[in-house]
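Heads up, the thing below is written out as structure tokens.
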Amino acid sequence: EDVVQQGKGGAALFGGLVAHKFLAPALRTRLLEFVGDSDSAGWCADGELNSGGDDATKTENHYQTWAARLARDLGAEHQTLAIS
């Protein structure tokens, strides 16, 4: 059950993870925005599509797209608006 619960001593419990303090990641100074199609969405980034339907999302991986890689290389946050 993925529910955050207040534990003893102010600790937060989430699915077996115990944390006494949650820290926000450091903000990046650059923000890149991408608008694109299947290539920007990561269509078939994890292999070739063998069939349609629900299997189509099994090969989609935005993390592997050129947009996401460029943002990581530049140390930038990014947003992508794309449709496959």
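Hydrogens, waters and symmetry mates are skipped; everything else that's a heavy atom, side chains included, is used.
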Could you list the donor-acceptor pairs under 3.5 angstrom formed by side chains in residues 27-38, with sequence neighbours left out?
{"from": "R28", "atom 1": "NH1", "to": "A76", "atom 2": "O", "distance (Å)": "3.2"}
{"from": "R30", "atom 1": "NH1", "to": "L74", "atom 2": "O", "distance (Å)": "2.7"}
{"from": "D37", "atom 1": "OD1", "to": "D39", "atom 2": "N", "distance (Å)": "3.2"}

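The line from OG of S40 to CD1 of I83 is 12.0 Å long, rounded to the nearest 0.5 Å.
Taking every heavy atom of both residues into account, Y63 and A68 meet most closely at O-CB, 3.6 Å.
When the side chain to side chain contact (heavy atoms under 4.5 Å, CB included) test is applied to Q64, the partners found at least two apart in sequence or on another chain are A45, D46, N61, R69. With sequence neighbours excluded, the residues that form a side-chain hydrogen bond (donor to acceptor under 3.5 Å, both in side chains) with T80 are H62.
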